[in-house]
Amino acid sequence: MAAGRWAVLGLCLVTLVTDVTSQRRCQVPQWPASLGDNPLASNSGKVVLVALMKGYCSYCVNQATRLEALKNRLASQGFNDIAMIIVNGGEPISRERIANLQQATTSLPVIQDTEQHVMFRDVFAGNKDDFIVYDRCGQRAVFIPHPYSYLSHGITERVLKTVYRGGHSCHCSLDIVNAVNPLDQMLGDQPAGDQPAGEINWAPRYKFDLYCPASAKMCQKFQEKFRKNRLERGRFLSASRHGLRKGHHGHKPHDAKLGKHHPHHNRHDVAGSM
């Protein structure tokens with residue numbers, strides 16, 4: 001009898017988490033007035049990428065620098081209405097080292113989360129190293145968790161271009177329709193028959209229309225997980241734990257010189273100041 005009750009309770013919890021995570025997509029996040037100006041509202045009409053980072057992490061610093069380079073490259077290709085915002089973690093060691101992120105980029109704003117992790121946990125609902133892409137209406141269009149957010153995979157650039165063209169599942173009246181950008185060939189991989197040069201249709205399709213070439217295995221894996229709604233499942237429970245822990249395996253991150261850092265090797269523990 002007791003086992004049956006526990007089984008029902010477990011099913012209810014799973015259903016609750018699944019319902020909450022599925023509702024997050026295409027919703028505009030609630031921004032508490034106590035946090036000050038809302039960066040999503042101030043960038044209305046633009047595609048916005050929010051990067052959740054921590055100032056003590058050399059991997060985050062490297063990602064911040066590469067994000068700025070990505071934004072500049074996209075702008076040179078005609079993707080001008082893209083904004084990027086870096087959120088620094090709220091724990092003391094991240095707050096002390098926010099300058100690492102600020103010095104890593106000259107154009108991307110770095111905003112500070114609260115000690116209660118309101119931005120990480122409640123507003124953006126993600127963990128360290130996750131990216132969230134919002135459409136022109138401020139809706140949560142695509143969640144890119146680590147390791148898919150690692151910029152060398154090229155997934156982030158593809159997602160930004162896709163959402164920019166209206167190829168996402170949210171309804172947004174501000175999406176550009178029938179715009180033309182002859183330089184957008186989806187990183188050179190899009191077949192010419194699908195996107196003729198100089199004649200690109202940016203009509204919203206209300207589905208996630210990400211293009212992944214056969215050689216991009218991580219992109220294909222990401223696309224499959226998005227289709228099955230597995231990218232955000234359980235992120236809200238793990239986000240609350242992640243935001244409060246001091247470091248990998250529960251230990252305070254040690255001081256180390258910032259340098260090259262592979263994203264899959266102890267990415268939570270590297271600390272330092274620049």
Side-chain angles (χ1 to χ4, degrees), residues 21 24-32 35-55 57 59-72 74-75 79 81-90 94-95 98 100-102 104-105 107-114 116-151 153 155-164 168-170 172 174 208 222 226 231-232 235-236 238-240 242-243 263:
T21 55
R24 280 282 181 169
R25 189 184 297 170
C26 295
Q27 286 193 346
V28 177
Q30 297 298 312
W31 185 266
L35 297 179
D37 294 336
N38 184 347
L40 294 181
S42 61
N43 284 289
S44 178
K46 296 182 179 180
V47 172
V48 180
L49 180 144
V50 173
L52 304 181
M53 299 184 174
K54 300 199 175 186
C57 165
Y59 168 70
C60 298
V61 172
N62 182 53
Q63 285 275 93
T65 301
R66 296 183 65 185
L67 271 179
E68 184 173 45
L70 172 60
K71 184 177 185 295
N72 293 336
L74 289 172
F79 297 89
D81 294 334
I82 292 179
M84 296 183 180
I85 301 165
I86 296 172
V87 181
N88 184 42
S94 292
R95 300 171 72 89
I98 188 174
N100 292 339
L101 296 173
Q102 294 170 332
T105 169
S107 63
L108 304 187
V110 180
I111 60 178
Q112 179 61 61
D113 197 359
T114 66
Q116 293 74 35
H117 315 284
V118 173
M119 295 186 193
F120 265 61
R121 184 164 49 198
D122 301 327
V123 178
F124 300 117
N127 293 331
K128 172 180 170 290
D129 302 326
D130 294 342
F131 293 166
I132 306 98
V133 177
Y134 295 87
D135 66 17
R136 297 173 186 274
C137 294
Q139 301 172 120
R140 185 184 180 102
V142 183
F143 178 72
I144 312 176
H146 187 87
Y148 303 105
S149 60
Y150 181 42
L151 290 171
H153 293 318
I155 296 172
T156 298
E157 180 169 354
R158 293 178 186 280
V159 168
L160 285 170
K161 288 184 174 183
T162 299
V163 174
Y164 196 100
H168 56 88
S169 57
C170 306
C172 177
L174 300 179
F208 189 39
F222 170 82
F226 182 94
L231 292 173
E232 299 200 47
R235 301 302 289 188
F236 303 96
S238 62
S240 62
H242 183 95

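Hydrogens, waters and symmetry mates play no part in the numbers below; they use all other heavy atoms, side chains included. These numbers come from a predicted model, not from an experiment.
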Inset, instruction - Check the angle between the aromatic planes of F208 and F226 and answer parallel, tilted or perpendicular using the 30° and 60° thresholds. - result: tilted
Inset, instruction - Could you tell me whether a side-chain N or O of T162 sits under 3.5 Å from a main-chain N or O of R158, the two making a donor and an acceptor? - result: yes
Legend entry - Inter-residue atom distance I98.CD1 - I111.CD1, 0.5 Å rounding: 9.0 Å
Legend entry - NE2-CZ distance between H117 and F124, expressed to the nearest 0.5 angstrom: 15.5 Å
Legend entry - Flag, side chain of T156 to backbone of L151, donor-acceptor distance under 3.5 Å: no
Inset, instruction - Could you check if a side-chain atom of H146 sits within less than 4.5 angstrom of a side-chain atom of F131, using non-hydrogen atoms only? - result: no
Inset, instruction - Could you check S44 against R136 for side chain to side chain contact (heavy atoms under 4.5 Å, CB included), going step by step and ending with a plain yes or no? - result: CA-CA 6 Å; S44 178; R136 297 173 186 274; over 6 Å; no
Inset, instruction - Begin with the C-alpha distance, continue with both residues' side-chain angles, and end with the deciding distance and a verdict on side chain to side chain contact (heavy atoms under 4.5 Å, CB included) for V50 and V87. - result: CA-CA 7 Å; V50 173; V87 181; 3.8 Å; yes
Inset, instruction - State, with a plain yes or no, whether a side-chain heavy atom of F120 is found less than 4.5 Å away from one of K54. - result: yes
Inset, instruction - Would you check if L108 and I85 make a side-chain contact, meaning some heavy-atom pair closer than 4.5 Å? - result: no
Inset, instruction - Indicate yes or no for a side-chain donor-acceptor contact from R95 to the backbone of G55 under 3.5 Å, with no hydrogens or angles considered. - result: no
Inset, instruction - For the residue pair Y134 and K46, establish whether any side-chain heavy-atom pair is separated by less than 4.5 Å. - result: no
Inset, instruction - Decide yes or no for V133 and V47: does some side-chain heavy atom of the first lie under 4.5 Å from some side-chain heavy atom of the second? - result: yes
Inset, instruction - Measure across N88 and S94 and return the closest heavy-atom pair with its distance rounded to 0.1 Å. - result: ND2-O, 2.8 Å
Legend entry - Side chain proximity check, F79 to L160, heavy atoms < 4.5 angstrom: no
Inset, instruction - Just do the side chain to side chain contact (heavy atoms under 4.5 Å, CB included) check on L70 and M84 with the steps written out, would you? - result: CA-CA 10 Å; L70 172 60; M84 296 183 180; 4.1 Å; yes
Inset, instruction - Give, for atom CD of E68 and atom CD1 of I86, the distance between the pair rounded to the nearest 0.5 Å. - result: 8.5 Å
Legend entry - Minimum side-chain heavy-atom gap L40-W31 below 4.5 Å: no
Legend entry - Spacing of N38 atom CG and N43 atom CG [to the nearest 0.5 Å]: 9.5 Å
Inset, instruction - Answer whether the closest heavy-atom distance between the side chains of I144 and V159 falls below 4.5 Å. - result: yes
Inset, instruction - Quick one: sort the Y148 and F222 rings into parallel, tilted or perpendicular, breaks at 30° and 60°. - result: tilted
Inset, instruction - Could you list the residues that satisfy side chain to side chain donor-acceptor pair (under 3.5 Å) with D113, not counting sequence neighbours? - result: none
Legend entry - SG atoms of C26 and C170 less than 2.5 angstrom apart: yes
Inset, instruction - Please report the shortest heavy-atom distance between R25 and A141, naming the atom on each side. - result: CG-O, 4.0 Å
Legend entry - For the student: nearest non-hydrogen atoms of Q112 and M119, plus distance: O-CE, 3.2 Å
Legend entry - Nearest heavy-atom neighbours spanning A51 and L67: CB-CD1, 3.7 Å
Legend entry - Nearest heavy-atom neighbours spanning A64 and L101: CB-CD2, 4.4 Å
Inset, instruction - Could you tell me the separation between the CG atom of D81 and the CG atom of L174, rounded to the nearest 0.5 Å? - result: 10.5 Å
Legend entry - For the student: nearest non-hydrogen atoms of V123 and P32, plus distance: CG2-CD, 3.8 Å
Inset, instruction - State the CG-CG distance between D130 and L52, to the nearest 0.5 angstrom. - result: 6.0 Å
